[in-house]
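Along the sequence shown, residues are numbered consecutively beginning with 1. Every value quoted in this text rests on a predicted model; they were computed, and no experiment measured them.
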Amino acid sequence: MNPATDFFLNPVFLHGCVASIQFVFLFFIFVSWASKRFKIDRTLVPKQSHGCLFYKQTLCCSLVLSLFNLVLCFLNTFYWYRNGWTDEKIVTLLHAALGALVWLFVSVYLHTLVSNSSTESRKYPFVLRFWWVFFFLVSCYSLVADYVYYKRTHDSVSMFFVSDSVSSFMGLFLCFVGLSYKTEEESQNHSIEEPLLNSGVSRGELASTYENASFFSRLTFSWMNSVIAKGNKKTLDLEDVPLLANIDSVKEVFPVLLDKVESLSNGGNQITAFGLAKGLLYIVWKEVVITGLLALTYALSSFVGPYLIDSLVQYLNGHRDYENQGFVLVAAFFVSKIIGCLAQRHWWFKLQQAGIRVRSAMVSVIFQKGLTISGQSKQGNSSGEIINFMAVDAERIGYFGWHMHDYWLVLVQVAVGLALLYKNLGLAAVASLIATVCVLLANLPLGNIQEKLQDDLMKSKDKRMKSTSEILKNMRILKLQGWEMKFLSKIIKLRGEEEGALKKYMYTLSLNSFLFWGAPTVVAGITFATCLLVGIPLESGKVLSTLATFKILEEPIYNLPDSISIFFQTKVSLDRIATFLRTKDIDSNAITKVPQGSSSTAVEIINGCFSWDLAPSSNPTLKDINIRVNQGMRVAVCGTVGSGKSSLLSCILGEVSKISGSVKVEGSKAYVAQSPWIQSGMIEDNILFGREMDRERFEKVLEACSLKKDLEVLSFGDQTVIGERGINLSGGQKQRIQIARALYQDADIYLFDDPFSAVDAHTGSHLFKVKCILRFLESKTVIYITHQVEFLPAADLILVLRDGRITQAGKYDDILNSGGDFMGLVGAHKEALSSIDSIKTSVQQQANSSKNTDDSQNAEANGIPGPKAQLVQEEERKKGKVGFSVYWKYVTTAYGGALVPFIILAQVLFQALEIGSNYWMAWASSRSPSDPAPVTGSTLIIVYAGLAVGCALCILARGLLLATAAYKAATHLFHKMHFAIFRSPMSFFDSTPSGRILNRASTDQSAVDMSVPYQIGSFVFAVIQLLGIIAVMSQAAWQAIIIVIPIAGMCIWLQQYYLPSAREMARIAGVCKGPVVQNFSETISGATTIRSFDQQARFQNINLKLNDDFSRPKFYLAAAREWLAFHLDMLSCFTFAAFLTFLVSIPEGTIDPSIAGVAATYGLTLSSLQGWIVWNLTDLENKIISVERIFQYSSIPSEPPLVIESNRPYDQWPSQGEVDIRHLQVRYAPHMPLVLRGLTCTFSGGKKTGIVGRTGSGKSTLIQTLFRLVEPAAGQILIDGINISTIGLHDLRSRLSIIPQDPTMFEGTIRSNLDPLEEYTDDKIWEALDKCQLGDEVRSKEGKLDSPVSENGENWSVGQRQLVCLGRVLLKKTKVLVLDEATASVDTATDGMIQQTLGKHFIDSTVIMIAHRITSVLDSDMVLVLEQGLVDEYDSPKKLLEDDSSSFAKLVAEYSMRSNSSIKS
């Protein structure tokens, strides 16, 4: 050997040089620190936090190095003081002492950077960066020199080796910090400057850090540094998450996919699942190609290790082909691992990027379809089902990206593996091939079973979500009727069907796991047995290479069942969405749109024949329609319930399918629906509806719709946030906001579907005559449906409908004189007015003076006034770390956690048996052809087969136990959450959009069903595997622990550094999904209104924005995950390289080569397993948020008990029906003002009491308090002497009846709608139907009582729905009946019929009626007039009318005067 070379490799010389350099550096850094200290005037520099990257960690690292060197110095001093001194010992002591001083000074210098920094520079001083790089390089060089010196001298491990190992690891981190400042600085500058350059970025939003990142930045994921660093400093919010790159934004992707889908659909309704898949592939084909190449690179690089294992074992056995062969082998292992890690990281990231893009585009296509789907098609696809397409199916298609390449990649991996086996074992590889093909073919029947089970699971989930969505919308009705627990049992029953499919699916998955986890061991056993049969010798090197090959093949074969399951899940989802996209759209040719000013005709229908249902067996909805409406005309449409009035407006809107004829509409349209559609959001936004704010016009519209007083009382005025479906507004307020929305649009044609029925008589008259229809829309074309005869004379044309035909048309006087149906309607109205004929003329005169009294309205009691807090708040999200209690609660949910120890035990046994089998094969095989094997061939195979069978049984036990625990936990959590939701007070539903609840019942529950248990299992199993690998490596070379411990510490630190950002981004994504679902749900329910205003494009843009907001945290979360995995992979590669370097450096014969080979075999999977553990842990923390959110809704405060056993009312209660209200005070929340302010009155038993009052006087609040939807703040209500607050809610609500203001029907049958509790016979139900005039209508239907009712009863008119509500109370026939504006949606004749029916069948009951029609309360025994939550008047109608100055007399006089003048005119 060259003496000069030996000299430079001598550790004494090296450490002496380093000690000298440390001394020079110490002097230099002291001078630098002192000069800066004197230069800076400390009084002028504010103390601030330094902006350097990883400042705290760097300071900590310097202190650790100083402390380490100090400890080393003391240990050496005490030890060598007793054992004598040598040159090496003196140099070591000097090196340690100077090291302690240098790193102490570096720590002080770093600390002074904080107190003396006058700028926010993100770089460390050059002197520090130079020293860190130099220190790292010298430490690495010294470490190599230590190895070489140790190998030559065969001495024991020296102190230099320990010192240089620690220095190298610490130096690596410091070197990374010193060289990484630029990335951080650039990202900081980029986030500041980019918004100024990029016009697409709004103020306050951060530009994409990915889009303009350099190649190196993308390669190392360092473009994520700024986001992760920010997540460590503060809790991230959505505005802290940068925007998506243009290529990933759904705004860019959606139009491309839409064009492609339309081009593949051959005319719109022929789209197939395959065509849809082609369209999706078109938008991500670049990512698919790139990830395919990366996957191939990863697969090929992963086989380099198994290929080289045989050479490594031979090298350790002493067979060396050339000098330094060991280091060449280490370099080959290291480079292949680096290439494999980089390929895998970018492969996975690109797939997630493509998946997010696909999901967003898919959601937008479904949304677009929801805007154009026809009414008939919508009956076959409820809003709950359509939401499921978006929330579950689109998500699943996006997730498919993970497994996109698995299907061909497994073939490549098997082919390469078999080639490698052939090299090692020759013809025995054929047996491997046959066994592997058998395993792969086993997928076919299993795949078919899984597809069927997946299809069943999704269908049952759809049914459940459909029902849940409908129930949540109508929860107020269910609570009023006391039906909520019955409908909960319906949801539980539907969930039962779903659980049946889920259980089968989970156990099938367990069987799959058993077959496929056992497959590699079985294939290996068959291969080795074949070798013995054909006489191929088994050498330890070749055996280990074979085992390493099978270990590589384990992953694709293990994942194959999951991949096949995902494939079939995705296929089912694509089929479902394609089926939905094929449904019929609104016929765009149903109406001919003409620009305004083309002619004098606004609307013209010639020989029109229309039908909602185009089935050959169905009758047309409208027949022989011929109308011509000129510009500026006012057209009234009237007729009995179910005559086709609303359908006529729908024809003009193009909503009904046209069978024949033509429809021409000239100019823009504005539509006001009969059932108000209000968006969640501010009142101002509901009125503007996408138009620019014109304050002058806005104020005029508010005045015209009598909304000014309402807004004055509301805390936030027009900025008040409306709850879902306008839940915190009264019916009248919702209608007036709808009308205001239409008026603000300044359209040419206005279509009103009986909007005045929901407002009181005074307000209705005010809107129609004084402000709105006759004044504000004086020059516009107005077509309005009305049941109020007094609004008919003002029309230029009246259309009377009956059974879908126009039976009469003309001016009021003309058709009045011609008799017919119109005469019947007016006659019913006159009959209703006959009770007022005796009123004195002076009362009418009094009305003239009172006509101009307060025309405005106070805030509706139902609309919550007063407090400085919006009703609907942003969705709450937990912050900080997911507590261990969440994991513990979840794990102990199933059987108290009793199965968990057995699951862990099964995995530990599996791991022990697997390692044992590999040890056995390595030990029992011969080391070379010339060496005899320790055991016979049959013993070798029998023992291996026994161990393999043990492994398989452990896997089966583990799979079955995990499936059982997962199923039980999912079932328990579902029941607990739904019980809590159904038992929560009405205030919870008022302030919580149903989208949030549906999100938990759908997405979060799906995660608990399918993802969370397997994620926890996967994490625990991977940890056990990692511990097994560390044990194996440590047994081969215990010195590996020196490497593993600091690396493990750095891994844990990296994970802790990453977790705050990842956790919050996962939570942000969870919160951002709610608005997507909410907007989706609202848009589908209001599609008719949106189309009528031609606002489809605006709503799609809102959806695109919400989708991007949801995708942003998901994208950066995926990138953060890969950032972490990249850094962990690099550390694992260095660990493995160091371990191998140690193996090839130790003297020959020190370690058994077979054992070293086994350790190296397991070490090959170290990086992927370590990355998999941390990835799994972080993904688990993201997924466990679903469990956290379900726990959150499982602990909602509950309503009072349904039944109080100790205080149940007697069976016949209430027998008299007397309602005694004493000093009643009610507020909607503790911080809100009183709505009822000390109400005292008594409703006598068996009497009929009418409640009237201006909008906002407290009428609806009184009813809600009677049913205890709101609990009194003070006072009490007694019914027959029993305080209703002391008995159970079910006992109270089941003994009262109500016909609500909003007529509600549920999907099902006529029978289930009338008798949901199944308490009555068919005869009783028919009797009730006949009483409410629906008997003949139901008998005419094919299914009779089993005739279908679609979602929300949409295949029945609003009036018919109201009659069904009447039928319910006739069946129930209780002693106390409440009517809450129950006849608002029916014509006067039907109103009269309802009053007669009630009078006949409830003659001995207490009837409490809120009514807007004065005629409805005139025949009451008593009338209660409310004013601002207090009793204004309470007496018989006759006495109140005798006093001309009474509020009631003024209301009646006004109504009488208006109605009589209308009729006379």
Problem set entry | Ring-face cation contact, Trp1123 with Arg1121, 6.0 Å cut, 45° max | no
For this session: Please determine if Arg1098 forms a cation-pi arrangement with Phe689, meaning its NZ or CZ atom is less than 6.0 Å from the six-membered ring centre and no more than 45° off the ring axis.
Result: yes
Do you see a donor-acceptor pair shorter than 3.5 Å between the side chains of [X] and [Y]?
X: Thr1003; Y: Lys1073; result: yes
X: Ser1002; Y: Lys461; result: no
X: Gln368; Y: Gln1100; result: yes
X: Glu1122; Y: Gln352; result: yes
X: Asp685; Y: Gln679; result: no
X: Asp1108; Y: Ser249; result: yes

For this session: Could you walk me through whether Glu1082 and Gln1078 pass side-chain hydrogen bond (donor to acceptor under 3.5 Å, both in side chains), step by step?
Result: CA-CA 6 Å; Glu1082 282 188 346; Gln1078 179 66 24; 3.2 Å; yes
Problem set entry | Salt-bridge contact Lys1105-Asp1109 (side-chain N to carboxylate O under 4.0 Å) | yes
Exercise. Does the distance from a Lys or Arg side-chain N to an Asp or Glu carboxylate O, for Glu395 and Lys1114, drop under 4.0 Å?
Worked result: yes
For this session: Give the ring-plane orientation class for Phe698 versus Tyr744, where under 30° counts as parallel, over 60° as perpendicular and anything between as tilted.
Result: perpendicular
Exercise. Taking the six-membered ring for Trp, are Phe221 and Phe1126 parallel (under 30°), tilted (30 to 60°) or perpendicular (over 60°)?
Worked result: tilted
For this session: Show your working on salt bridge (charged side-chain N to carboxylate O under 4.0 Å, His left out) between Arg695 and Asp718 and close with a plain yes or no.
Result: CA-CA 12 Å; Arg695 181 51 69 179; Asp718 58 19; 3.6 Å; yes
